[in-house]
Amino acid sequence: MLYIPCPHCGLRNETEFHYGAEAGVAYPDPNALADSEWAKYLHIRANPKGWLAERWVHFAGCGRWFNLWRNTVTHEIGPAYLPFTEQPKAPGNIGQEGPKA
Amino acid sequence: MSEISFIFDDNICKGQQGEPMAAALLRSGLLSITNSTYHSRPRGVIGLGVEEPNALVQLVSGTQESMRPATIIEVAEGLNARSLTGIGALPELPDEARYDKTNRYVDTLVIGAGVAGLKAADKAIQAGYQVLLIDDQPGPGGHLRHLGTGLPVALRDVLTNNKLTYVPRCTAVGLYDQNYIVAVERRSDHLGGAAPAGRARIRVWHIRTDRVVLAPGAFQRPLIFANNDRPGIMLSHAAATYVAIHGVQIFKRAVVVTVDNQGHRDALRLHQAGVPVQAIYDVRPAAGGASVDAAKAAGIPIRFRTTILDTVSNEEGTLQSVIIQDLDTNEIVETTADLLAVSGGWTPIADLATHIGIKPKWSEEHAAFLVHHGTDQLQTAGMLAGDFGGDDDPAVFFGPALDDEQARHAYIDLQRDATLHELRRAVGAGLHSIEHIKRYTTIGTSHDQGKTSGMLTIGALCQLNINSQGGNSGLSPADVGTLSFRPPYVPVPFAALAGRERGPLSDPIRITPVHQWHVEAGAIFEDVGQWKRPWYFPKQGESMEDAVRRECMAAREGVAVMDASTLGKIDIQGPDAAVFLDRIYTNMFSTLPEGQCRYGLMCKADGIAFDDGVTTRLGKNHFLMTTTTGGAAGVLAWLEEWLQTEWPDLKVYCTSVTEHISTIALVGPNSRQLLQELVKDIDLSKTAFPFMHSRMATIDDIRVRIARISFSGELAFEINVAWGHARYIWERLWTLGRPYDLTAYGTETMHVLRAEKGYIIIGQDTDGTQTPYDLNMSWVVSKKKEFIGKRSFRLPYLQATARPQLVGLLPENGEEVIPEGAYITELNAHPDEHGKTSHTGFVTSSYYSPTLGRAFALALVADGLNRMGEEVAVPIGKKVLHATICDSVFIDKENIRRD
Amino acid sequence: MTNTNDTLAPGTIGRRRAAALPEQPPQLWKSVKPKKAYDIVIVGGGGHGLATAYYLAKNHGLTNIAVVEKGWLAGGNTARNTTIIRSNYLWDESAAIYEHSLKLWETLEEDLGYEMFFSQRGVLTLAHSVSDVRLKRRNLYANALNGIDSEWLTPEEVKKLVPIINISEDVRYPVHGATYQPRGGIAKHDWVAWGYAKAASDLGVDIIQGTEVTGFDIRNNKVHGVHTSQGTIAAGKVGLVAAGHSSLLANLAGFSIPIQSRPLQALVSPLLEQVLNTVVMSGAVHVYVSQAHKGELVMGAGTDAFNSYAQRGGFHVIEHQLAAALELFPIFSRAQVLRTWGGIVDIAPDASPIIGVTPVENLFINAGWGTGGFKATPGSGWVMAHTIAHGTPHELNKPFALDRFLTGHLIDEHGAAGVAH
């Protein structure tokens, strides 16, 4: 039961949230992409061993999406930040497959 | 304390209220409590608590829990238990007990109410924190309880401080991320029949805390020697406690074998309680300190550099004598004894720390794995942190050298009957990892989860000079590998963890405002997600088939009414609402005039259809979207995700109004006439109120929104009304509808009616692989605009020509309804050499149509739209049905009836 | 080999004593230091990796092979799953590969000369609503065309097979029926891996534990070896069979795969007298349970929601699962949770595996088995061995190529088919 800092509501239990995988994957201009690039947008998300900036939505609270640094090995929670705001620095080494900052 | 009687293995035993069952059994002279699981060897109590591997019992009284160690069962009047040979049984009687859960947030949680825990609690209180103190024992004091000494005054005061909550019989079973602790409190078993009615038997605590202090204490460990499992062989601290505190007077001659000063202290306690101690056999070359001096002063002989090698039993299988080895001369001496008290050192309880991945570190000085952890969030205290509180001075010793024959009876895991011999075989077989060895031998997998055997395994591997790399230089347990444990710390009944999430509380039940009317009308319900929806409304003695035919005919020829309140409804407002819907739906919504409705289909980014429904434009910047019953939450989440994470520039606001607005569908040629009787303020005629238009109206004094939407192809009106008024409207319709023979219908009839018109149900006529084109719905795909999923239509496989496409199917035998889900083959299809038959699609929806007077179906057939009129086969078991591919609209292709 | 059949006929409840376990062989596998070079290096010493090595040796005569394992052999998902074996999948592609696997299971003990408690006690998959019934019956018809044994049982027939199940209407989601695959069952997971390891080792395969692959020697888009914590090992071909760590290895080799790694938890009870002789699965209420040979109840839960490599999940997942289990099996009320644990499952967007070639020449991948990989162990190893040996996929794994994500030809096993356990 992770304890997740919703930027709007404060610390809440994981069961109030839904997960949204890697943060910062912008919806591309679909028509500008080759099939392979489009497929990558559809299916490939970062899966690092270490710190990951990821998306969560506080569905059972304020209903807002936000981003969160979290360590996928230790389950440490880092800073949360709102979409379209500057990404805080990773709290530690990002994994070998860390998200493109 | 009062004397009570209880039953063990059908014998009446006496005990003191609240004392451990193991103590009462021992006092009665019962040394041999059970036989071992695999080797059928007699076994008795060896420990004091949850580390006990032998004395497992099944409770026959009370809730009849399947397996508990007798060392932790508090006896009460009427208690009835039977011994187990390591295998529990599940009684079939219903479990009537209550199980509760509680959630707590505290500044500081202290686990363990021994001296270290109480001190830590005191410190936290002094620092201004609220403290929760939990402990698995019936009272505070930890090992002081076993010594029979009370708490020091200062620590007693901690317990009464109003900043502290102390919960006894509450075992922390798991430590999880971000200081989340699960604990299990046993609240009534110890009271037996005197438990207050209604008290929850077990309460599961979910605790979140800023700081947790682990002060769990330690288990004493046994040694590995030949025949180390005989009744009469006990951990020294347990033996001394049963004798000195619980008045067990059955031992006449004791021998103590030790690796530390604890053995000397326990020898002295035995001696002082009147048990003659023949000698203390101490593996160390010498030892000093108060404990040793005291034993010496009491006249107990101490033999250094000696240890236990083997034991001999009497006819009953209990201990008769011990064989002692001099480690310098290898000389062997046999001494009679009926109690062998073994002190093999302490193993601090590292379970919880390892649950979140903390690795214990080996301390040669303590002969133990310790957890020195000190962060703001988590600290260890007491024995786990290396504070053994005295002069133990243990040797790192796990047992003498044993030959192969001796090793066969040298038990490491008593409950699994796993011996040193098997451990050696494992190593001989090429296994080096302690994990492999555990799995090969099954050591540590039993009810006690290796609480005593884990450290012995590591010790035995040290003696075999094996380390985790397969090298042979390692002699220290540090090289073998640390112990790690999995939650829970002690076994927890399923019922406790299920709590009250049972029956109707296991998942919310959602009902519509008209639900009670349906119940009274005798509806049969189906579960649709969490909703209860009327499936059909049988009249007295009517079969489902008959009811559905009657309901269908009413809708097609008279008038029928359906409660469609479960439809998902989302209120969408804002200046960019229309732009937003254009991006979400495959078809255009910005062109929809106010007061009109339009069917919409939405796809995920991969181009696969995932929900549909009718959306009404209520104003320039205001839409009411409907979704499928099951899809409502998912669609709202989908809309929010795009608005919040991709298009924050769009000013659009979405609100779920599913349970604000109830929907009643009035369907059939007579629906207009009936509804007009109720609605006086607007004209419902075809010209005044065209199809796919929506109007506000008044029924009695209630404002309603009426839409001319049809999911059946018939003339139909959907009445949207505030949830609380729905039952009233429904009953008004019902009363006025009597002359029209108004008929209520359920989801089954809805399905027949919509299928006759070729209308799809997402999730029934789709399976998560269909594009709008596959559903023969190219008319709903806008060529003029971008929308989610559009790009994917160009992916090669989504463009393939032979994709399954939605078509109709007419069975050759009009009386035979093809089973839904049935697969479709070519007429001449037959199994290939592998027994496989290739197919060309499957049946998605299939019903008998009373209107058509025959069975019909919808199906997804490869290239189906180009195969109209072709005959196909549908194998059902040994039978093969034949059917003809046709258009998916069976009734009123010209759409005349809906007006 | 003695195929240890159940001590009780299906549908009976009764007391029994613990049956003695078979004695394990005196020699399992040789642990060796890596040589400088191999024809083939398999990265990942779990069940699938070991099976791949074994079939390379047995079917293709290739024995200059190393299996390189980061931790201890078969210590990942092989050691952590609930051992359910079945083949009644919905899609033809899935049914074909899982059925091939099941056929291999049926002779595996003889083939490997190793007892592994393979028990065809049948697998029940329950339906709990009208729409659930429709989906499951479709599955049944699909199975029939694929030559897979699968039948429909009414609630009463379910009760006959599993007397302890509650089929009454007073539970939240009553049992509406079930599909039943009689040939499905369970096996002892460790022994399966050990059987493959021993057989591969006996055929000359080197098994190298405690050795982590840290990179690849790739020149001109062709793999020439692996860099490891024990130095570089040259290899003509390399197979990645690393479950939850697959995407990390793919990235090291310079390409991406659509895999997310999630915790999946399971639990066991202490030993209990036999009450359940059939595997019971219910995707709708998240219950997967069998009673192993020794007598412990083995139960699987759903995956946790987030990416993780920690091999642990949240306890709320377990609590929720037990609540559902008690609805179906009131008799479990007094059973106890003895031990819970987590594995790292590798989940692909369509919940189907990825087996085949990669963008790097001579580098092959086998990943994405998600929550259901154990049952596929023999079949997965078989086709992976073929793929590596020939450089092109076997008929059975062609549809599971990595490039299906480019074409859109997914094999979506989580929609209609329910769970993939």
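With C:W152 as the aromatic partner, C:R134 does not meet the cation-pi criteria of under 6.0 angstrom to the ring centre and within 45 degrees of the ring axis. For the pair C:K198 and C:W194, the cation-pi test (distance below 6.0 Å, angle within 45°) is failed. Taking the centre and axis of the six-membered ring of B:F525, the NZ or CZ atom of B:K532 falls outside the cone set by 45° and 6.0 Å.
Interface residue B:I509: backbone and side-chain heavy atoms are both found under 4.5 Å from chain C. For a residue to count as touching a neighbouring chain, one of its non-hydrogen atoms must lie under 4.5 Å from one of that chain's; by this rule B:R424 does not touch chain C. With a 4.5 Å cut-off on non-hydrogen atoms, B:S446 touches chain C through its backbone but not through its side chain. Of the two parts of C:S333, the backbone and the side chain both hold a non-hydrogen atom closer than 4.5 Å to a non-hydrogen atom of chain B. For a residue to count as touching a neighbouring chain, one of its non-hydrogen atoms must lie under 4.5 Å from one of that chain's; by this rule B:Y176 touches chain C with the side chain only. For C:N146, the parts lying under 4.5 angstrom from a heavy atom of chain B are both the backbone and the side chain. Only the backbone of C:L406 comes within less than 4.5 Å of a heavy atom of chain B; no side-chain atom from C-beta onward does. In this structure, no portion of C:A324 lies under 4.5 Å from any heavy atom of chain B. At a 4.5 Å heavy-atom cutoff, the contact between B:T442 and chain C is made by side-chain atoms alone. At a 4.5 Å heavy-atom cutoff, the contact between B:P91 and chain C is made by backbone and side-chain atoms alike. For a residue to count as touching a neighbouring chain, one of its non-hydrogen atoms must lie under 4.5 Å from one of that chain's; by this rule B:T844 touches chain C with the backbone only. For B:P487, the parts lying under 4.5 angstrom from a heavy atom of chain C are both the backbone and the side chain. Residue C:L140 does not touch chain B at all, counting heavy-atom pairs closer than 4.5 Å. Contact annotation for C:H320: both backbone and side-chain heavy atoms come within less than 4.5 Å of a heavy atom of chain B. If you measure heavy-atom distances from C:R339 to chain B, the contacts under 4.5 Å come from both the backbone and the side chain. Neither the backbone nor the side chain of B:I761 comes within contact range of chain C, judged by heavy atoms closer than 4.5 Å. Contacts of C:Q209 with chain B are made by side-chain atoms alone, with heavy-atom separations under 4.5 Å and no backbone atom involved. Contacts between B:E820 and chain C at a heavy-atom distance below 4.5 Å involve backbone atoms as well as side-chain atoms. For a residue to count as touching a neighbouring chain, one of its non-hydrogen atoms must lie under 4.5 Å from one of that chain's; by this rule B:Y440 touches chain C with backbone and side chain alike. Using a 4.5 Å cut-off between heavy atoms, C:A79 contacts chain B through both its backbone and its side chain. Contacts between B:V528 and chain C at a heavy-atom distance below 4.5 Å are absent for every atom of the residue. Only the side chain of C:D92 has a heavy atom closer than 4.5 Å to any heavy atom of chain B.
The residues C:D206 and C:K30 are annotated as not salt-bridged, no charged nitrogen and carboxylate oxygen being separated by less than 4.0 angstrom. A salt bridge is absent between C:R312 and C:D304: the closest approach of a Lys/Arg side-chain nitrogen to an acidic carboxylate oxygen does not fall below 4.0 angstrom.
Of the listed residues B:P796, B:P875, B:A829, the one with more heavy-atom pairs under 4.5 angstrom with chain C than any other is B:P796. When each of B:M67, B:R425, B:R486, B:E65 is scored by its heavy-atom pairs under 4.5 Å with chain C, the top score falls to B:R425. Note: B:R502 leads B:E526, B:R502, B:H839 in heavy-atom pairs under 4.5 Å with chain C. Among the candidates B:Q530, B:Q799, B:H834, the residue making the largest number of heavy-atom pairs closer than 4.5 Å to chain C is B:Q530. Per-residue heavy-atom pair counts under 4.5 Å with chain C were compared for B:P831, B:G357, B:G821, and the maximum is reached by B:G821. Chain C forms the most heavy-atom pairs under 4.5 Å with one residue out of B:G428, B:A800, B:A495, and that residue is B:A495.
Residues C:Q291 and C:E296 fail the side-chain proximity criterion, which asks for heavy atoms closer than 4.5 Å.
Under the 6.0 Å cut-off for aromatic ring centres, B:F842 and B:Y823 qualify, their centroids lying closer than that. For B:H436 and C:W29, the ring centers are positioned less than 6.0 Å apart.
Legend: residues meeting ring pair (Phe, Tyr, Trp, His ring centres under 6.0 Å) with B:Y489, ordered by chain and number and at least two apart, are absent.
Among pairs with a residue in residues 316-329 of chain C, those fulfilling salt bridge (Lys or Arg N to Asp or Glu O under 4.0 Å) read B:K101-C:E319, at least two apart in sequence or across chains.
Side chain of B:D527 to backbone of B:G529: no donor-acceptor contact under 3.5 angstrom is found.
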